[in-house]
Asker: 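Have a look at the structure that comes next, please.
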Amino acid sequence: RRFLLTRMDGADIFLPELAEILKEHFGPMGYKFSTWKIPKWLVWILSLFDSELAYFYRILGLQDLYSNAKSREVLGITYHTNATEIILATAHAMIQKGLVPKTEGYKTYGFSWSDEL
């Protein structure tokens, strides 16, 4: 059997919402996030000249539908963390591990990651 181990059941968050969450939390610390949404018609025009954008245009607006029901029902897993907490913890981990540079205004999230992570 295969199990999907994710808190999110279905496509809960799209990139524009992700950018808004990050911008709201990290913007005051000096990080910049674009929340501008490229119009679909512009992607279509650009896709005529770029094969990677052509693929992107074909999948634009599609949702991945998945469920963690089996992991909850069979394994008895309860997912407590909400999506915003997961996103912010991941971003802080990336900063603390040096994958994203720290700004002068960066404030820790109340924990630090060990070198083993």
Side-chain angles (χ1 to χ4, degrees):
R1 292 183 166 189
R2 293 182 184 190
F3 298 92
L4 183 62
L5 301 177
T6 178
R7 196 240 27 116
M8 292 183 252
D9 193 16
D12 288 350
I13 294 196
F14 295 99
L15 288 178
E17 290 86 10
L18 175 68
E20 284 293 336
I21 290 168
L22 292 170
K23 183 177 183 176
E24 183 179 314
H25 183 79
F26 289 96
M29 296 182 211
Y31 292 92
K32 305 227 182 294
F33 295 90
S34 175
T35 55
W36 180 74
K37 297 175 191 171
I38 188 168
K40 191 171 182 176
W41 62 266
L42 182 55
V43 176
W44 175 75
I45 290 172
L46 295 172
S47 74
L48 298 173
F49 306 100
D50 186 319
S51 61
E52 289 181 20
L53 276 176
Y55 170 76
F56 179 71
Y57 178 75
R58 287 193 301 275
I59 65 169
L60 194 62
L62 296 179
Q63 284 184 305
D64 288 330
L65 300 177
Y66 52 88
S67 173
N68 64 12
K70 193 188 303 184
S71 67
R72 288 183 282 117
E73 294 164 5
V74 176
L75 301 176
I77 294 175
T78 303
Y79 298 95
H80 297 287
T81 308
N82 71 40
T84 299
E85 290 175 13
I86 293 168
I87 291 164
L88 294 178
T90 301
H92 278 284
M94 292 174 71
I95 294 167
Q96 291 177 11
K97 295 299 282 180
L99 299 171
V100 174
K102 285 184 182 177
T103 62
E104 293 209 12
Y106 176 72
K107 295 181 182 95
T108 61
Y109 196 52
F111 57 80
S112 62
W113 298 94
S114 71
D115 290 334
E116 298 171 11
L117 292 178

Asker: Output a table of donor-acceptor pairs, distance under 3.5 Å, between side-chain atoms of residues 48-57 and any protein atom two or more places apart or on a different chain; print 'none' if there are none.
Answerer:
| residue | atom | partner | partner atom | Å |
| --- | --- | --- | --- | --- |
| D50 | OD1 | E52 | N | 2.8 |
| D50 | OD1 | L53 | N | 3.3 |

Asker: Rounded to the nearest 0.5 Å, how far apart are CD1 of I95 and OG1 of T108?
Answerer: 10.5 Å
Asker: Working to the nearest 0.5 Å, report the span between CD1 of I21 and CD1 of I86.
Answerer: 10.5 Å
Asker: How would you list all residue pairs meeting side chain to side chain donor-acceptor pair (under 3.5 Å) that involve residues 33-48, not counting sequence neighbours?
Answerer: none
Asker: By side chain to side chain contact (heavy atoms under 4.5 Å, CB included), which residues pair with F33, not counting sequence neighbours?
Answerer: L22, K23, F26, Y31
Asker: Give me the atom names and distance for the closest heavy-atom approach of I77 to R72.
Answerer: O-CG, 3.4 Å
Asker: Minimum heavy-atom separation for K107 to H92, with atom names?
Answerer: O-CE1, 3.3 Å
Asker: Mind checking the CD1-CD spacing from I87 to E20? Nearest 0.5 Å is all I need.
Answerer: 12.0 Å
